[in-house]
Number of protein chains: 2
Amino acid sequence: MYELFFEEFNKKVPITAEEQEQIKHYLTPKKLRRKQYLLQEGDVCKFIAFVEKGALRAYSVDENFTENIIQFGLEGWTISDLYSFLTEEPAVYNIDALEDSELVLISKSAHEEMLQTIPKYETYTRLNITGAYLAMQRRITTIISSTAEERYQDFINLYPHIAQRVPQHMIASYIGLTPETLSRIRKKLSSGK
Amino acid sequence: MYELFFEEFNKKVPITAEEQEQIKHYLTPKKLRRKQYLLQEGDVCKFIAFVEKGALRAYSVDENFTENIIQFGLEGWTISDLYSFLTEEPAVYNIDALEDSELVLISKSAHEEMLQTIPKYETYTRLNITGAYLAMQRRITTIISSTAEERYQDFINLYPHIAQRVPQHMIASYIGLTPETLSRIRKKLSSGK
DNA sequence: CAAACCCCTTGATTTAAATCAAGGGGTTTT
DNA sequence: AAAACCCCTTGATTTAAATCAAGGGGTTTG
């Protein structure tokens, strides 16, 4: 139920069995069916979600109803609309499941209580958000200075297994391309040009 | 010398005069002249820099010697090659001053000691990196789903005063455009089209 | 089992932005 | 004070990617 969560936690901050028991009280398991929403835009985001099993995505929808995927959430990853979570303003992102999934949710009050009472949780959170920041910085660097093909290559190098679990059109959206362009790039790359 | 640093610190985490004195021991003031490097790619980044006064930029250089600006650093902001700082691998970014500047540097050892001994410093760091993450997430959302004009508008809305302190070609680089394109957008926007 | 849906690819055309070139004007350096 | 440099703009052309359209094939639903 929380196996992977504590495995990842211990990678970042080793904790005792006692601390683990303490933290468990703040965690809420949740299952999602494929295509089921975890968060819809306009609602306040009231949790941080850790993915024990499955795959999620976070995306915004623009005025042409185009979905822009900003984040995937696979096993071991954390996903949220963090701005909404922290400020309690309405979310701008939607989050739903790409396959049946099992999550560990941390509510706002649990989050704040643990920050106050469990120093290793604050360290875990700082390291988590630092890792997310670095991933995003790297991503911006790539997006700003790369061709479409380079973007796809970079994505595949970074996440070799995601392509098998996520539709091509979602990968295209995530890296800022159209599905047709991605299709042409894939053809070109596979024919060795 | 550390006035703005503690002002920003207290905004995030109020600290006592005693804690402030304690933290002061870990801080190192530094002045940079305009165009002077703080960091060059290939060197390990050994500090986190807080900008008391002035303006800096962080950028990478691609194989065509094109500079891609990933971050500006104005008063009140923190700037570093964080990946290099944390992993001690060679930096991929350069950081230099756009005007004469005064900084507060935090070395790796100071950073780690304060994390261990001053809980409010860990909170300050977590809140800092969380803010940076949210800014970057918002930026990725904009870059992926906007036209060139929308990108510039968004930049100007977010940072109305930066345009007066930073050359246009650097703003163009930061938002992923060429100077010529930015110039045409500015002309179009100012003529009310 | 058929209809409906979804994913992906391909071709043709359009378009937003890049690239290349040139020049005006202000600032900095010698 | 002049040369050198830098910033910015504009025009012309090219190009990478988007858009539009169409269709094949697999999966899901009724």
Side-chain angles (χ1 to χ4, degrees), chain A residues 33-36 55 57 59 61-69 72 96-100 140 142-156 162-193, chain B residues 33-36 55 57 59 61-69 72 96-100 140 142-156 162-193:
Chain A
R33 280 173 291 96
R34 182 168 172 273
K35 288 191 173 181
Q36 187 181 352
R57 65 173 176 158
Y59 63 98
V61 179
D62 69 21
E63 65 281 359
N64 300 318
F65 302 104
T66 304
E67 294 175 353
N68 295 300
I69 293 176
F72 291 110
D96 62 14
L98 302 180
E99 55 193 61
D100 292 350
I140 283 195
T142 299
I143 286 176
I144 281 188
S145 54
S146 301
T147 64
E149 182 177 323
E150 286 166 343
R151 289 190 201 180
Y152 179 63
Q153 284 274 42
D154 195 72
F155 177 85
I156 290 300
I162 291 191
Q164 294 151 30
R165 295 178 64 189
V166 163
Q168 298 294 330
H169 69 92
M170 289 188 188
I171 294 173
S173 170
Y174 177 83
I175 64 181
L177 302 179
T178 60
E180 298 93 327
T181 298
L182 180 55
S183 194
R184 299 187 222 281
I185 288 171
R186 283 165 49 82
K187 177 179 182 181
K188 184 188 172 200
L189 288 177
S190 71
S191 72
K193 282 174 180 162
Chain B
R33 281 174 290 99
R34 183 168 171 274
K35 288 193 175 180
Q36 186 179 353
R57 65 174 176 157
Y59 62 98
V61 179
D62 69 20
E63 66 281 1
N64 300 318
F65 302 104
T66 304
E67 294 175 353
N68 295 300
I69 293 177
F72 292 110
D96 63 15
L98 302 179
E99 55 192 61
D100 292 351
I140 282 197
T142 299
I143 286 176
I144 281 189
S145 54
S146 301
T147 64
E149 182 178 323
E150 286 167 345
R151 290 190 201 179
Y152 179 64
Q153 285 274 42
D154 194 72
F155 177 86
I156 291 299
I162 291 192
Q164 294 151 31
R165 293 178 67 188
V166 163
Q168 298 294 329
H169 69 91
M170 289 187 188
I171 295 174
S173 170
Y174 177 83
I175 64 182
L177 302 180
T178 60
E180 297 93 326
T181 298
L182 180 55
S183 195
R184 298 187 223 281
I185 287 171
R186 283 166 49 82
K187 176 179 181 179
K188 184 187 172 199
L189 288 177
S190 71
S191 72
K193 282 173 179 166

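First the proteins, then the strands, lettered A, B, ... as listed; each starts at 1. This structure is a prediction, so every number in the text was calculated from the model and none was measured.
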task: Quick one: pull up CE in A:Met170 and OH in A:Tyr59 and give me the separation to the nearest 0.5 Å.
output: 8.0 Å
- prompt: In whole Å, what is the span from the CE atom of B:Met170 to the P atom of D:dC6?
  reply: 11 Å
field: Value rounded to 0.5 Å, distance of CD1 in A:Ile140 from CG in B:Asn68
entry: 12.0 Å
task: Report the distance from atom CD1 of A:Ile143 to atom P of C:dA17, rounded to the nearest whole Å.
output: 16 Å
field: Between C1' of C:dT9 and CZ of A:Arg186, the distance in whole Å
entry: 10 Å
- request: Measure from the side-chain heavy atoms of B:Lys187 and tell me the nearest of C:dC7, D:dC7, D:dT10.
  value: D:dT10
field: Phosphate contact (D:dA16 OP1 or OP2) by A:Thr147 side-chain N/O below 4.0 Å
entry: no
- request: Starting at atom CZ of A:Arg184, determine the distance to atom C1' of C:dG11, rounded to an integer number of angstrom.
  value: 7 Å
field: Residue met sooner reading DNA chain D from 5', once B:Lys35 and B:Ser183 are mapped to nucleotides
entry: B:Lys35
field: Separation of A:Ser146 OG from A:Gln153 CD (nearest 0.5 Å)
entry: 10.5 Å
field: Protein-nucleotide distance (B:Asn64, atom CG; C:dC20, atom P), rounded to Å
entry: 10 Å
query: Counting any heavy atom closer than 4.0 Å, what does A:Leu182 reach on the DNA or RNA strands: base, sugar-phosphate only, or nothing?
result: nothing
- request: Name the pairing partner of C:dG23, where a pair is Watson-Crick or G-U wobble with both distances under 3.5 Å, or state none.
  value: D:dC8
- prompt: Distance from A:Asp154 atom CG to A:Ile143 atom CD1, nearest 0.5 Å?
  reply: 9.5 Å
- line: Between CD of B:Glu180 and P of C:dA17 the distance, given in whole Å, is 14 Å
- line: Rounded to whole Å, CD of A:Glu150 lies from P of C:dA18 at a distance of 15 Å
- prompt: Over how many whole Å does the gap from A:Arg34 atom CZ to D:dT27 atom P extend?
  reply: 12 Å
